[in-house]
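To start, the structure itself, in structure tokens.
Predicted model only: the values in this text are computed from it and were never measured. Values reported hereafter were calculated over all heavy atoms of this structure, with side chains retained and with hydrogens, waters and symmetry mates removed.
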Amino acid sequence: MDFNLTDDQRAIEDAARAFAAAELSPHSARWDEEKHFPVDVLRKAAELGFAGLYVREDVGGSGLSRLDASIVFEQLSYGDVATAAFISIHNMASWMIDRFGSEELRRRYLPRLCTMELIASYCLTEPGSGSDAAAMKTTARKDGEHYVLNGSKAFISGAGTSDVYVVMARTGGEGAKGVSAFVVEKDTPGLSFGAQERKMGWNAQPTAQVNFDDCRVPAQNRIGEEGEGFRFAMAGLDGGRINIASCSLGGAALALDTAREYLSSRKQFGQALKEFQGLQWRLADMATELEAARLMVRRAAHALDNKDLKATQYCAMAKRFATDGGFEVANQALQLHGGYGYLRDFPLERIVRDLRVHQILEGTNEIMRVIIARELLRG
């Protein structure tokens, strides 16, 4: 085992860190306060190859590994968690088209997705089916050279702003085998959006319901064959779980660094807080948990890159551990700041709010335990 990054990976890490410091960190508090979606900055990230990280190079992608992508998302989220997380979702949608779409579909959409001329959203969850995603009710009925979609998707990041929606809908019977995947463009008649959700965190990206009312989608926009959509969606989520875990690492790292600086500068009872052994131990535990989570995430990314048979299990483990641990590190950092941590003058309350949803999306951490237990008990 070699835990050192390669020279290329260090260069990727440096580029992502520099971008986050210049383009994300200075604006993060304002974007959260104003609920601003920084599309112009997303396109600057795309200029560095961050919008098609593991899309193949023949259509403008960067052709990087999942481990490389994890490194990027950790650094971007150190600058702004919500923006980094949206870039992760865009990458997941683009990868599904690249990995499973026809050659015509790849070449029609991916060059513009990789520059973020087009922005993509991923549509799986529905108002009545969250953790039980295979119970979806949105339908896609074949009608000549089109499919007619009816139904709704809930909690969709980018809804109303994104140009392209990768949508899972039911073309067959009940269960996972009846689901297919489609690319739906924003201006398609019958596609509409609900009001923007009022959220605890992730305010720097829009979230709304996506509605389909006799929405006619060309049959050539189907990704793969009928009945394969759920498998594609789950494959996308393996990588998505690594990505969102990586975003938790970055947010937690910022919280830890902020707490360390505060303990060094703040005095109580005549001495700096960093001199109190109890606070030293708490900081040590936070750093240890963060490093353990980072190792798990990179192990899972390595497994996915190498098509390890246990990759899904490792991805679920890493997502569960890193998102729980990342939130706890941020929450402890807030506690170390006392009343100041509760104020928006410090980034802690924003990091806590942004990281909390990571324990829910890409499969709740309860579902991660179901996946892990299923693999452990298989056979």
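- Using a 4.5 Å heavy-atom threshold, the side chains of Val55 and Val59 count as touching.
- Contact record, Met368 with Glu362: CE-O, 3.7 Å, taken as the closest heavy-atom pair.
- Considering all non-hydrogen atoms of both residues, Pro127 and Ala154 come closest at N-CB, 3.7 Å.
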Side chain to side chain contact (heavy atoms under 4.5 Å, CB included) between Glu291 and Thr288: does it pass, once the steps are laid out? CA-CA 5 Å; Glu291 185 61 23; Thr288 301; 5.9 Å; no
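- Contacts of Phe232 classified as ring-ring contact (aromatic ring centres under 6.0 Å, His included), with partners at least two apart in sequence or in another chain: Phe100.
- In this structure a side-chain-to-backbone donor-acceptor pair under 3.5 Å is missing from Asn306 to Asp308.
- Counting heavy atoms from C-beta outward, Arg298 and Phe3 have side chains that stay 4.5 Å or more apart.
- Between the side chain of Lys153 and the backbone N or O of Met168, at least one donor-acceptor pair lies under 3.5 Å.
- For the residue pair Asn4 / Asp2, a side-chain donor-acceptor distance below 3.5 Å is found, with atom types taken as modelled.
- Note that CG of Leu113 and OG1 of Thr115 are 8.0 Å apart. Values are rounded to the nearest 0.5 Å.
- Annotation for Lys274: atom NZ does not count as buried by contact number, only 12 or fewer foreign heavy atoms lying within 6.0 Å.
- Atom CG of Asp187 sits in a crowded spot, with more than 12 heavy atoms from other residues, nucleotides or ligands closer than 6.0 Å.
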So Met296 and Tyr314, side chain to side chain contact (heavy atoms under 4.5 Å, CB included) or not? Walk me through it. CA-CA 8 Å; Met296 286 194 71; Tyr314 289 143; over 6 Å; no
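- Remark: Phe346 CZ is packed, more than 12 non-hydrogen atoms of other residues, nucleotides or ligands lying under 6.0 Å away.
- Glu126 and Thr138 are linked by a side-chain donor-acceptor pair at a separation below 3.5 angstrom, with hydrogens and angles left out of the test.
- Across Leu118 and Tyr109, no two heavy atoms sit closer than the pair CD1-CD2, 4.0 Å.
- Between Ala318 and Ala300, the shortest heavy-atom distance links the atoms CB-CB, 3.8 Å.
- A single hydrophobic cluster is not seen to contain both Ile71 and Leu24; linkage of ILVMFWY side chains at heavy-atom distances under 4.5 Å, directly or through other members, places them apart.
- Within a 6.0 Å sphere centred on NZ of Lys142, other residues, nucleotides and ligands contribute more than 12 heavy atoms.
- To the nearest 0.5 Å, atom CG of residue Asp324 and atom CD of residue Glu289 are 10.5 Å apart.
- Atom CD of Gln220 has more than 12 heavy atoms from other residues, nucleotides or ligands within 6.0 Å.
- For the side chain to side chain donor-acceptor pair (under 3.5 Å) with Thr207, the qualifying choice from Arg198, Glu197, Lys199 is Lys199, the only one to do so.
- Evaluation of the ring-ring contact (aromatic ring centres under 6.0 Å, His included) rule for Phe276 yields no partner, not counting sequence neighbours.
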Side chain to side chain contact (heavy atoms under 4.5 Å, CB included), that's the test. Do Leu67 and Gln9 meet it? Break it down for me. CA-CA 9 Å; Leu67 178 54; Gln9 287 169 336; 3.6 Å; yes
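- No donor-acceptor pair under 3.5 Å is formed between the side chain of His302 and the backbone N or O of Val297.
- No side-chain N or O of Asn331 forms a donor-acceptor pair with one of Arg356 less than 3.5 Å apart.
- Applying the side-chain contact (heavy atoms from CB on, under 4.5 Å) test between Pro347 and each of Val352, Asp354, Thr258 identifies Thr258 as the sole match.
- Within the structure, salt bridge (Lys or Arg N to Asp or Glu O under 4.0 Å) contacts touching residues 44-56 (residues at least two apart or in different chains) are Glu23-Lys44, Arg56-Asp98.
- Although no hydrogens or angles enter the test, the distance criterion places no donor-acceptor pair under 3.5 Å between the side chain of Glu275 and the main chain of Ala272.
- Judged purely by distance below 3.5 Å, without hydrogens or angles, the side chains of Gln209 and Asn211 pair a donor atom with an acceptor atom.
- A side chain to side chain donor-acceptor pair (under 3.5 Å) with Asn365 is found for exactly one of Lys319, His358, Arg320, namely Lys319.
- Note: the hydrophobic cluster containing Leu76 also contains Ile119 (ILVMFWY, side chain heavy atoms under 4.5 Å, direct or indirect links).
- Val183 and Val164 get closest at one heavy-atom pair: CG1-CG1, 3.5 Å.
- Put simply, the side chain of Leu334 does not reach to within 4.5 Å of the side chain of Gln332, judged on heavy atoms.
- For the pair Tyr262 and Asp257, the minimum side-chain heavy-atom distance is 4.5 Å or more.
- Residue Thr171 comes nearest to Gly227 through the heavy atom pair OG1-N, 4.1 Å, listed as atom of the first residue, atom of the second, then distance.
- Within the 4.5 Å cutoff, the side chain of Leu355 has heavy atoms near those of the Val81 side chain.
- A side-chain donor-acceptor contact under 3.5 Å links Asp305 to the backbone of Arg66.
- Counting non-hydrogen atoms of other residues, nucleotides and ligands closer than 6.0 Å to CZ of Arg99 gives a total of 12 or fewer.
- Residue Glu145 places its CD atom among 12 or fewer non-hydrogen atoms of other residues, nucleotides or ligands, all under 6.0 Å distant.
- A donor-acceptor distance shorter than 3.5 angstrom exists from the side chain of Arg170 to the backbone of Met136, with no hydrogens or angles considered.
- Residues Leu105 and Arg108 form a side-chain contact, since some pair of their non-hydrogen atoms from C-beta on lies under 4.5 Å apart.
- Residues Leu5 and Leu48 do not share a hydrophobic cluster, defined by chaining ILVMFWY side chains whose heavy atoms lie under 4.5 Å apart.
- For the pair Asp213 (side chain) and Gly190 (backbone), a donor-acceptor distance under 3.5 Å is absent.
- Within 6.0 Å of CG on Leu309 lie no more than 12 heavy atoms contributed by other residues, nucleotides or ligands.
- Under the 3.5 Å distance criterion, the side-chain polar atoms of Ser62 are matched with a main-chain donor or acceptor of Gly49.
- Put simply, CE on Met92 and CG on Asp238 are 11.0 Å apart, with the number rounded to the nearest 0.5 Å.
- Under the 3.5 Å distance criterion, with hydrogens and angles disregarded, a donor-acceptor pair is assigned to the side chains of Ser157 and Gln205.
- Under the rule for a ring-ring contact (aromatic ring centres under 6.0 Å, His included), the partners of Phe86 that lie at least two apart in sequence or sit in another chain are Phe37.
- Evaluation of the side chain to side chain donor-acceptor pair (under 3.5 Å) test over residues 336-349, restricted to residues two or more places apart or in two chains, returns Glu33-Arg344, Glu349-Arg353.
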Let me see the working for Asp80 and His27 under side chain to side chain contact (heavy atoms under 4.5 Å, CB included), right down to the final yes or no. CA-CA 8 Å; Asp80 185 68; His27 312 292; over 6 Å; no
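- For Ser77 (side chain) and Cys247 (main-chain N/O), a donor-acceptor pair under 3.5 Å exists by modelled atom type.
- By the 4.5 Å side-chain criterion applied to Ile, Leu, Val, Met, Phe, Trp and Tyr, Val167 is assigned to a cluster that also includes Tyr147, Leu149, Ile156, Tyr165, Phe182, Val184, Leu191, Phe193, Val210, Phe212, Val217.
- Expressed to the nearest 0.5 Å, how far CG of Leu376 lies from CD1 of Ile372 amounts to 7.5 Å.
- Using a 3.5 Å distance cut-off with no hydrogens or angles, the side chains of Asn91 and Ser88 do not pair a donor with an acceptor.
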